[in-house]
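Have a look at the structure below, then the notes.
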Amino acid sequence: DMHEAKKKRWDLTEVSIRNLDATICEEILVQLLCIESCIETKRLADICHQRTAGNAFHLLAYLAMLQEQKLLVNLGQFNNQPNRWTWTWDIEQIEERTAATSNVVELIKGTMSKQPQMLKDLLQLVSCLGTAFEKDIAVCAFPHMHDGIYPTQAGRVVGDLLLLAVRESFLERQGQSRFRWVHDSIQAAAMQQVSEADIVAYKFKLGKVLIQSLEEKDVESNLFE
């Protein structure tokens with residue numbers, strides 16, 4: 001990650017992306033969808049901007065949600081031109097059906113809710129381990145936090161679930177055995193699968209598991225709040 005790269009004194013260029021205005025949102029839509037700017041794209045950009053506050057990651061997540069819910073539909077190439085596409089959407093439907101989920105964390109939670117229960121349980125677990133974590137830690141803890149998984153099965157099961165999480169764009173790899181959240185909003189959504197009343201007890205149980213299972217030298221590097 002960025003912190004590790006800095007410690008190794010790699011040459012890095014940090015680019016901070018501020019929240020986008022509605023005009024830039026429309027330009028992104030035009031480029032992503034391979035369409036021309038018009039009144040309807042401006043209206044779509046306006047609602048995207050309202051729902052995401054111009055956050056670039058949230059904008060992409062919101063567009064993906066619109067496609068998943070068939071609120072933004074690709075009708076195929078425009079006049080057989082390879083770089084032009086035809087899309088359809090209904091602004092009124094988009095406004096009505098996404099009004100209750102204007103918070104992007106809620107949108108991501110909705111996507112997570114459709115995943116297999118075992119993946120949701122793993123995401124909940126690793127959300128407590130910080131922005132990045134080692135696969136071995138998840139393998140160690142998962143059998144204790146999920147009923148029905150034996151320690152002998154944990155390596156294969158957790159490995160398969162982590163690959164699924166990468167395919168679904170919840171996590172990304174950092175080398176062979178390290179993973180990190182694609183965005184802190186996804187980590188927040190995974191954490192919020194546990195009610196606020198239960199999260200303290202959940203973290204306490206996970207902490208006990210890690211203390212009992214890890215070597216002393218590994219405990220400090222895997223502390224969490």
Side-chain angles (χ1 to χ4, degrees), residues 1-3 52 55-69 100-214 218 221-225:
D1 58 19
M2 188 74 73
H3 179 67
T52 65
N55 180 288
F57 174 81
H58 293 174
L59 173 63
L60 297 178
Y62 185 73
L63 289 173
M65 182 276 298
L66 293 181
Q67 279 195 273
E68 182 183 335
Q69 296 190 12
T101 54
S102 56
N103 183 328
V104 173
V105 171
E106 293 299 320
L107 297 176
I108 298 170
K109 282 169 66 178
T111 301
M112 279 187 184
S113 70
K114 300 171 185 175
Q115 301 299 320
Q117 185 60 48
M118 201 174 291
L119 176 59
K120 289 190 287 185
D121 290 346
L122 179 67
L123 293 174
Q124 175 185 312
L125 185 158
V126 298
S127 71
C128 299
L129 301 179
T131 56
F133 60 92
E134 296 289 338
K135 175 184 174 182
D136 288 349
I137 303 300
V139 170
C140 171
F142 196 54
H144 301 279
M145 306 298 288
H146 187 285
D147 295 335
I149 299 296
Y150 297 102
T152 53
Q153 302 173 306
R156 176 183 58 79
V157 171
V158 169
D160 290 345
L161 291 173
L162 288 174
L163 289 178
L164 177 57
V166 170
R167 286 199 301 272
E168 294 293 330
S169 298
F170 297 130
L171 301 173
E172 61 186 9
R173 281 185 174 277
Q174 287 187 299
Q176 283 295 105
S177 61
R178 189 170 176 81
F179 294 81
R180 70 178 177 187
W181 295 96
V182 169
H183 193 275
D184 55 7
S185 295
I186 302 177
Q187 182 185 5
M191 179 80 73
Q192 290 176 22
Q193 291 183 98
V194 187
S195 69
E196 195 168 337
D198 293 336
I199 192 63
V200 174
Y202 183 88
K203 286 185 174 181
F204 180 75
K205 180 180 177 181
L206 177 57
K208 284 184 63 177
V209 167
L210 295 179
I211 289 172
Q212 292 168 1
S213 305
L214 298 177
D218 295 322
S221 62
N222 288 283
L223 293 177
F224 54 86
E225 295 183 357

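This is a predicted model, so every value here is computed, not measured. Position 1 is the first residue of the sequence; numbering continues from there.
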Exercise. Got a second to check how far Leu122's CG is from Asp160's CG, nearest 0.5 Å?
Worked result: 11.0 Å
Exercise. Taking the side chain as C-beta and beyond, is there a heavy-atom pair between Lys109 and Gln193 under 4.5 Å?
Worked result: no
Exercise. Atom CD of Gln174 and atom OG1 of Thr131: how far apart are they, to the nearest 0.5 Å?
Worked result: 8.0 Å
For this session: Flag the pair Lys205 / Met145 as yes when at least one side-chain heavy-atom distance between them is below 4.5 Å, and no otherwise.
Result: yes
Exercise. Do you know the tightest heavy-atom contact between Gln187 and Gly130?
Worked result: NE2-O, 3.2 Å
For this session: Using a 4.5 Å cut-off on heavy atoms from C-beta on, say whether the side chain of Ile108 contacts that of His183.
Result: no
For this session: Find out whether Asn55 and Ser185 are in side-chain contact, i.e. whether some heavy atom of one side chain is under 4.5 Å from a heavy atom of the other.
Result: no
Problem set entry | Heavy-atom closest contact (Val139 atom, Ala154 atom, distance) | O-CB, 3.6 Å
Seminar exercise, completed: On a heavy-atom basis, the closest approach of Ala132 and Arg180 is CB-CB, 3.7 Å
For this session: Assess whether side chain to side chain contact (heavy atoms under 4.5 Å, CB included) is satisfied between Leu123 and Trp181, documenting all intermediate values.
Result: CA-CA 10 Å; Leu123 293 174; Trp181 295 96; 3.9 Å; yes
Exercise. Taking atom OG of Ser127 and atom CG of Leu171, what is their separation to the nearest 0.5 Å?
Worked result: 10.5 Å
Exercise. What are the two closest heavy atoms between Lys120 and Ser113, and how far apart are they?
Worked result: NZ-O, 3.4 Å
For this session: Rounded to the nearest 0.5 Å, what's the gap from CG on Leu162 to CZ on Arg167? Could you check?
Result: 11.0 Å
For this session: Without swapping roles, check the side chain of Glu172 against the backbone of Phe179 for a donor-acceptor pair under 3.5 Å.
Result: no
Seminar exercise, completed: Nearest heavy-atom approach of His58 to Thr52 is O-CG2, 3.5 Å
Exercise. Are the side chain of Gln153 and the backbone N or O of Tyr150 linked by a donor-acceptor pair below 3.5 Å?
Worked result: yes
For this session: Hey, could you give me the CZ/OH distance between Phe57 and Tyr62, rounded to the nearest 0.5 Å?
Result: 15.5 Å
Exercise. So do the side chains of Glu168 and Met112 get within less than 4.5 Å of each other, counting heavy atoms only?
Worked result: no
Exercise. Shortest non-hydrogen contact from Tyr202 to Asp121?
Worked result: OH-O, 4.2 Å
Problem set entry | Gap separating the CD atom of Gln115 from the CG atom of Leu161, nearest 0.5 angstrom | 10.5 Å
Exercise. Distance-only, no hydrogens or angles: does the Arg173 side chain make a donor-acceptor pair with backbone N or O of Gln176 under 3.5 Å?
Worked result: yes
